[in-house]
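If you're wondering where the values come from, they're calculated on a predicted model, not measured in any experiment. Note: hydrogens, waters and symmetry copies are ignored here, and every other heavy atom, side chains too, is used. In what follows, every chain begins at residue 1, and chains take the letters A, B, ... in the order their sequences are listed.
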4 protein chains.
Amino acid sequence: MATPSTPAPRSAPNPDRRSERARQAILDAALELCGEQLYAGLTMEGIAKRAGVGKQTIYRWWPSKAAILLEAIEERGRSTLDFPDTGNLEADLRTQMTQVAQAFASPLFAAYSKGLIAAAQSDPDIAKAVVDSIIKPRVDLCIERLTKAQSAGELREDIDLADLVELLYAPLYYRLLLHTRPVTQSQVDTILNLALTGATK
Amino acid sequence: MATPSTPAPRSAPNPDRRSERARQAILDAALELCGEQLYAGLTMEGIAKRAGVGKQTIYRWWPSKAAILLEAIEERGRSTLDFPDTGNLEADLRTQMTQVAQAFASPLFAAYSKGLIAAAQSDPDIAKAVVDSIIKPRVDLCIERLTKAQSAGELREDIDLADLVELLYAPLYYRLLLHTRPVTQSQVDTILNLALTGATK
Amino acid sequence: MATPSTPAPRSAPNPDRRSERARQAILDAALELCGEQLYAGLTMEGIAKRAGVGKQTIYRWWPSKAAILLEAIEERGRSTLDFPDTGNLEADLRTQMTQVAQAFASPLFAAYSKGLIAAAQSDPDIAKAVVDSIIKPRVDLCIERLTKAQSAGELREDIDLADLVELLYAPLYYRLLLHTRPVTQSQVDTILNLALTGATK
Amino acid sequence: MATPSTPAPRSAPNPDRRSERARQAILDAALELCGEQLYAGLTMEGIAKRAGVGKQTIYRWWPSKAAILLEAIEERGRSTLDFPDTGNLEADLRTQMTQVAQAFASPLFAAYSKGLIAAAQSDPDIAKAVVDSIIKPRVDLCIERLTKAQSAGELREDIDLADLVELLYAPLYYRLLLHTRPVTQSQVDTILNLALTGATK
DNA sequence: GAGTAATCGAGACGGTACGTCCCGTCTTGTT
DNA sequence: AACAAGACGGGACGTACCGTCTCGATTACTC
């Protein structure tokens with residue numbers, strides 16, 4: 001008496017019945033708590049209590065607290081997903097990089113970026129998810145813009161644009177994660193100056 | 001005849017009586033365990049058991065497991081504290097950056113570097129210690145070498161050398177921490193090519 | 001329709017959700033361990049491990065290991081809560097005191113009685129609980145029997161019966177706790193002989 | 001090359017070289033601490049610190065903290081080692097028992113009596129030492145006095161005097177250890193009244 | 001009176017248990 | 001069926017003491 005039409009054995013929750021109220025409350029609570037204390041102080045129990053939610057409800061939908069933050073950033077940070085194209089490459093890069101620098105300089109955004117990246121060091125799944133859903137889309141948009149510039153003869157033809165993206169953005173992450181100096185507007189200017197023109201005479 | 005070097009600070013353990021055997025066993029155990037599992041799986045109890053040491057002995061001398069790793073790296077990694085000077089700037093940079101890249105590619109070193117930086121995201125003390133005792137000394141050596149080059153007219157005079165160091169090394173950290181691509185020799189070549197010559201035509 | 005029996009006191013665990021399995025396992029483990037080693041060797045961790053229970057589950061319901069033993073005795077020893085009344089006072093006392101003497105002579109019962117009383121010396125809460133839930137009920141039953149006897153003219157009317165109870169039972173505790181001589185049947189006989197008749201000619 | 005004239009292998013400390021200053025400081029500290037907090041709060045480290053003494057010095061001369069208390073009581077409490085003999089048995093008993101009752105009512109003495117007896121429940125050595133050095137000598141003196149009275153025809157000849165001593169003193173210990181009611185002068189009167197005359201009409 | 005050996009103060013050591021926090025699972029009504 | 005609530009078995013935390021062990025720095029006997 002096989003009933004292949006009723007698949008669910010027991011373990012897959014039905015997303016249709018999911019409570020949006022609970023979902024939002026959890027995302028909010030996670031971001032709030034991450035802002036109030038450092039990422040390491042973030043706990044599932046803390047999120048559940050703040051959100052007024054049972055722990056099971058969290059575990060039903062997310063595999064880890066990093067996954068919650070990830071979803072929160074994905075949802076809340078969708079606005080930064082665009083890349084200007086005014087025709088002036090350097091200006092466009094400056095605009096976009098400044099936007100990133102400002103985000104990194106904001107305590108809240110910095111808090112959960114750092115938390116997420118810290119979590120990624122111990123969890124390959126998180127690492128992959130961060131790259132795929134946060135980093136990659138933005139890198140791709142940047143490459144797209146650079147490709148146009150390269151076609152227009154504004155950039156050397158022998159360079160890999162993914163490498164250039166790294167060269168431009170890595171210093172921002174460097175300061176964010178290594179806490180050597182704060183991420184500022186002037187850093188963006190300096191990076192562009194050096195990376196585009198080169199350090200040698 | 002009061003000597004200004006009054007020794008005892010205040011109810012702190014006496015370093016003269018410290019057991020070097022225990023200290024080495026703890027550093028060894030921490031590195032071994034960090035290599036076997038990810039940093040997040042590292043526990044004080046695990047280190048104590050592996051080292052055959054009481055937990056109090058660890059807490060007496062280190063405030064956190066990150067501090068243990070830090071000391072281990074400081075001690076074991078002292079050899080990398082030098083910067084070549086053959087007269088050829090680009091070659092010297094390539095030599096040194098390659099060394100760093102190789103370290104980042106080694107599973108053990110990567111494990112505790114990543115662990116340490118992850119911990120720094122949630123603990124300003126760790127962050128400061130990482131910068132002061134690991135990053136800063138090496139950056140300073142690099143700046144020293146770059147200063148010579150700048151004086152010799154090999155580099156533009158209008159650039160801040162600390163910024164240049166960031167531009168060169170940040171992409172290595174970027175890949176290490178963001179797990180986009182592996183850190184390789186060819187990355188070093190690419191960085192040098194781009195950073196020294198510039199991306200524009 | 002507000003009911004005056006407002007249930008939740010304040011952030012206390014909910015007894016309705018309590019696991020009876022865990023409770024019994026903990027009581028059993030505590031008694032077993034107390035029988036195997038002396039009370040001083042009894043540890044919360046040992047009980048938890050033996051019972052296959054998390055430590056928190058113990059701390060959630062009992063404030064100390066003495067409280068566990070107390071509950072175990074209360075529950076297991078409920079059968080001894082009765083006092084014979086055959087009409088013959090001396091015989092009834094002998095019956096009841098013999099029962100107590102036998103219990104004191106049993107290694108297991110002696111172990112936790114002694115442990116509990118020892119703990120009471122350093123913890124007023126335990127002391128109060130021992131008196132209220134173990135001693136008092138049994139003393140009251142004895143006083144009740146003695147009251148009948150006094151009314152029947154079998155005892156002097158000028159004596160306080162609580163004092164008489166003390167005189168009868170104290171020597172049993174004396175030997176139990178001071179380890180001078182074992183508690184035996186003949187001790188009971190001697191006490192009754194002396195206490196009822198008097199030592200003087 | 002046997003040198004039987006130099007016996008000491010390594011383990012027996014030489015009492016001649018013992019520091020009386022340290023010994024007194026340790027006894028004082030133990031009594032003080034036992035008075036300030038309950039016996040369970042008494043620690044070897046606490047005693048050592050309070051006495052300004054190394055822990056080794058304690059362990060060299062005493063096997064346990066109970067042994068320290070025992071020695072302290074033996075030394076300080078020697079004064080109570082005497083028994084009056086005015087010719088009036090009941091008066092003499094009252095005098096001596098009152099003295100004991102007063103000691104039990106004193107917080108300090110009660111504290112370490114209770115501590116010592118508590119410790120005896122978990123350590124047969126302590127139990128034996130308490131009986132031999134504290135209880136027995138005093139019981140013997142009492143028996144001695146009672147023997148005289150029995151010979152003088154003041155007591156029944158068929159009674160064991162050790163049993164009578166128990167009957168008289170046990171109720172004092174009962175209240176001391178079970179914390180039912182305080183030990184008072186009137187309790188002494190009651191005990192004597194009941195024990196000497198008997199409870200029956 | 002100098003040499004020497006044991007005791008002293010101090011406290012670091014390898015351990016055990018403490019009581020707490022949080023994990024991820026489970027169970028019990030409620031909606 | 002998903003929800004809020006929270007008890008459960010478990011593991012690690014950081015602390016307090018245990019009893020042992022090494023250190024110099026006094027002693028106090030021996031030669």
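- The side chain of Trp61(D) places no N or O atom within less than 4.0 Å of a non-bridging phosphate oxygen (OP1 or OP2) of dA6(E).
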Between protein and nucleotides 17-24 of chain E, map the contacts as a letter string: B base, S sugar-phosphate only, - none, heavy atoms under 4.0 Å, written 5' to 3'.
-> SBBBBBBB

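- Closest to the side chain of Ala22(A), out of dC8(E), dC8(F), dA4(F), is dA4(F).
- The separation between Lys49(D) atom NZ and dA10(E) atom C1' is 10 Å, rounded to whole Å.
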Nucleotide N/O of nucleotides 28-31 of chain E paired with protein N/O under 3.5 Å:
unit_1: dT28(E); atom_1: O4'; unit_2: Arg17(C); atom_2: NH1; d: 3.3
unit_1: dT28(E); atom_1: O3'; unit_2: Arg17(C); atom_2: NH1; d: 3.4
unit_1: dT28(E); atom_1: O2; unit_2: Arg17(C); atom_2: NH2; d: 2.9

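- Applying the salt bridge (charged side-chain N to carboxylate O under 4.0 Å, His left out) rule to pairs touching residues 110-130 of chain B yields Lys128(B)-Asp132(B), sequence neighbours excluded.
- Take Glu71(A) and apply the side chain to side chain donor-acceptor pair (under 3.5 Å) test, not counting sequence neighbours, and it matches Arg23(A), Trp62(A).
- In this structure, Leu70(D) and Ala129(D) approach most closely via the heavy-atom pair CD2-CB, 3.3 Å.
- Shown for residues 23-39 of chain C: no residue has heavy atoms falling under 4.0 angstrom of DNA chain E.
- The two residues Leu108(C) and Gly35(C) come nearest to each other via the heavy atoms CD1-CA, 3.7 Å.
- For Arg18(C) and dC8(F), the CZ to P distance is 8 Å, given to the nearest whole Å.
- Put simply, CH2 on Trp62(D) is 15 Å from P on dG19(F), counting in whole angstrom units.
- Listed here is the closest heavy atom pair of Ile58(B) and Ile47(B): CD1-CG2, 3.9 Å.
- The side chain of Arg60(D) sits closest to dC8(E) out of dC8(E), dC13(E), dA2(F).
- The CZ-P distance, from Arg50(A) to dA5(F), rounds to 15 Å in whole Å.
- For the OP1/OP2 pair of dG14(E) and a distance below 4.0 Å, the side-chain nitrogens and oxygens of Arg21(B) include at least one atom meeting the criterion.
- Shortest non-hydrogen contact noted between Cys34(A) and Ala111(A) is O-CB, 3.6 Å.
- Rounded to an integer number of Å, the gap from Asn14(B) CG to dG24(F) C1' is 11 Å.
- In this structure, Ala48(B) and Pro15(B) both approach DNA chain E, and ranking their closest nucleotides by distance from the 5' end singles out Pro15(B).
- A side-chain N or O of Gln24(B) and one of Glu75(B) form a donor-acceptor pair less than 3.5 Å apart.
- Checking the phosphate oxygens (OP1, OP2) of dG9(F), a side-chain nitrogen or oxygen of Thr57(C) falls inside 4.0 Å.
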Report the C-alpha separation of Leu69(A) and Tyr39(A) in whole Å, then their side-chain angles, then the decisive distance to 0.1 Å, and conclude whether the side-chain contact (heavy atoms from CB on, under 4.5 Å) test is met.
-> CA-CA 10 Å; Leu69(A) 277 193; Tyr39(A) 175 79; 3.7 Å; yes

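- Nearest heavy-atom pair across Ala119(A) and Ala66(A) is CB-CB, 3.9 Å.
- Of all heavy-atom pairs between Ala30(C) and Ile68(C), the closest is CB-CG2, 3.7 Å.
- Legend: salt bridge (charged side-chain N to carboxylate O under 4.0 Å, His left out) pairs involving residues 55-70 of chain C, not counting sequence neighbours, sorted by first then second residue: Glu45(C)-Lys55(C).
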